[in-house]
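Structure first, then comments.
Numbers here are sequence positions counted from 1.
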Amino acid sequence: MIDVLPTVLTVLALLGAAWSALLIALNTPLLPLKKLSWTLVGGLAVLELGLLVQAVAGIASMLGTDRDIERWSFVGYLLGPVVILPVAVLWSAAERTRWSAGVLVVACLSVPVMIVRLGQIWAGHA
């Protein structure tokens, strides 16, 4: 696995959660896209790209190792955030109230949790 990538992804996800919380505080729905929303969507796109890189690198590392890890759980925690984030963005875009960003807060906060668990599995802690 790429050593610095989980830290970068965690920081991006926490920034995305904070930015989404700001949209809630400002009573601003995600759509129509305004400057604040565009910045958030761009940041989430970068986060998604990083999650895809992590998934590919993680699966490649898993296939090339003799470590005794729970492989299905590892793959699940690699692919979970890759799926959760776009679904949350679509759900948030469909919601037209200030709470549309609430979905993004929850999704962004789930990413660091899954990354921590991914590291635990990789280290061999069940």
Side-chain angles (χ1 to χ4, degrees):
M1 299 236 323
I2 302 170
D3 290 334
V4 72
L5 190 57
T7 303
V8 171
L9 294 176
T10 297
V11 169
L12 285 174
L14 293 175
L15 286 172
W19 201 269
S20 299
L22 177 66
L23 288 179
I24 294 170
L26 294 175
N27 196 16
T28 304
L30 187 65
L31 289 179
L33 287 175
K34 297 176 183 168
K35 187 174 182 177
L36 283 175
S37 299
W38 273 112
T39 305
L40 175 62
V41 171
L44 293 178
V46 170
L47 176 58
E48 181 68 16
L49 181 63
L51 291 169
L52 287 168
V53 169
Q54 176 179 263
V56 170
I59 290 171
S61 295
M62 179 191 71
L63 294 174
T65 188
D66 292 339
R67 286 182 179 207
D68 185 26
I69 61 171
E70 181 60 42
R71 294 183 184 273
W72 287 110
S73 294
F74 187 73
V75 170
Y77 279 103
L78 280 171
L79 298 179
V82 172
V83 173
I84 288 171
L85 202 56
V87 168
V89 169
L90 291 174
W91 184 355
S92 182
E95 180 69 36
R96 297 299 179 134
T97 67
R98 73 185 280 186
W99 297 107
S100 65
V103 175
L104 296 177
V105 170
V106 173
C108 287
L109 290 178
S110 73
V111 170
V113 172
M114 295 180 100
I115 288 173
V116 167
R117 184 63 185 130
L118 187 63
Q120 291 172 342
I121 294 170
W122 183 251
H125 304 293

*List for me each residue that meets side-chain hydrogen bond (donor to acceptor under 3.5 Å, both in side chains) alongside Ser73, sequence neighbours excluded, and say none if there are none.*
none
_To the nearest 0.5 Å, what is the distance between CG on Leu63 and CD1 on Ile59?_
7.5 Å
*Find out whether Gln54 and Ile115 are in side-chain contact, i.e. whether some heavy atom of one side chain is under 4.5 Å from a heavy atom of the other.*
yes
*Within one Ile-Leu-Val-Met-Phe-Trp-Tyr cluster: Val46 and Leu23, side-chain cutoff 4.5 Å*: yes
_For Val111 and Thr10: C-alpha separation, side-chain torsions, deciding distance, then whether side chain to side chain contact (heavy atoms under 4.5 Å, CB included) applies._
CA-CA 7 Å; Val111 170; Thr10 297; over 6 Å; no
*Counting distance only, does the side-chain N/O of Arg71 pair as donor-acceptor with the main-chain N or O of Met62 below 3.5 Å?*
yes
*For Ala13 and Leu47, work out which heavy atoms get closest and say how close.*
CA-CD2, 3.8 Å
*How many angstroms lie between atom OG1 of Thr97 and atom CD1 of Ile24, to the nearest 0.5 angstrom?*
9.0 Å
*Is the closest side-chain heavy-atom distance between Leu118 and Trp122 below 4.5 Å?*
no
*Please report the shortest heavy-atom distance between Ala107 and Leu85, naming the atom on each side.*
CB-CD1, 4.4 Å
*Are Leu9 and Trp19 connected in a single hydrophobic cluster, I mean Ile/Leu/Val/Met/Phe/Trp/Tyr linked by side-chain heavy atoms less than 4.5 Å apart?*
yes
*Please name all residues satisfying side-chain hydrogen bond (donor to acceptor under 3.5 Å, both in side chains) with Glu70, sequence neighbours left out, ordered by chain then number.*
none
*Hey, quick one: are Val8 and Leu52 part of the same hydrophobic cluster, counting side-chain heavy atoms closer than 4.5 Å, chains of contacts allowed?*
yes
*Quick one: CG on Leu44 to SG on Cys108, what's the gap to the nearest 0.5 Å?*
5.0 Å
*Identify the heavy atoms of Ala101 and Ser92 that sit nearest to each other, and give their distance.*
N-OG, 3.9 Å
*asked:* Tell me whether Val89 shares a hydrophobic cluster with Leu40, the cluster being built from Ile, Leu, Val, Met, Phe, Trp, Tyr side chains joined at under 4.5 Å.
replied: yes
*Report yes or no: do Val41 and Leu104 belong to one cluster of Ile/Leu/Val/Met/Phe/Trp/Tyr joined by side chain heavy-atom distances under 4.5 Å?*
yes
_Nearest atoms (heavy-atom pairs only) where Pro112 meets Leu14_ = CG-CD2, 4.0 Å
*Point-to-point distance, once rounded to the nearest 0.5 Å, from CD1 of Ile84 to CD of Glu48*: 10.5 Å
*Considering all heavy atoms of both residues, which atom of Val82 and which atom of Leu51 are nearest to each other, and what is their separation?*
CG2-O, 3.6 Å
*Taking all non-hydrogen atoms of both residues into account, name the closest pair between Leu79 and Ala55 and its distance.*
CD2-CB, 4.1 Å
*Rounded to the nearest 0.5 Å, how far apart are CD1 of Ile121 and CE of Met114?*
9.5 Å
*With sequence neighbours excluded, residues passing side chain to side chain contact (heavy atoms under 4.5 Å, CB included) with Trp91*: Val103
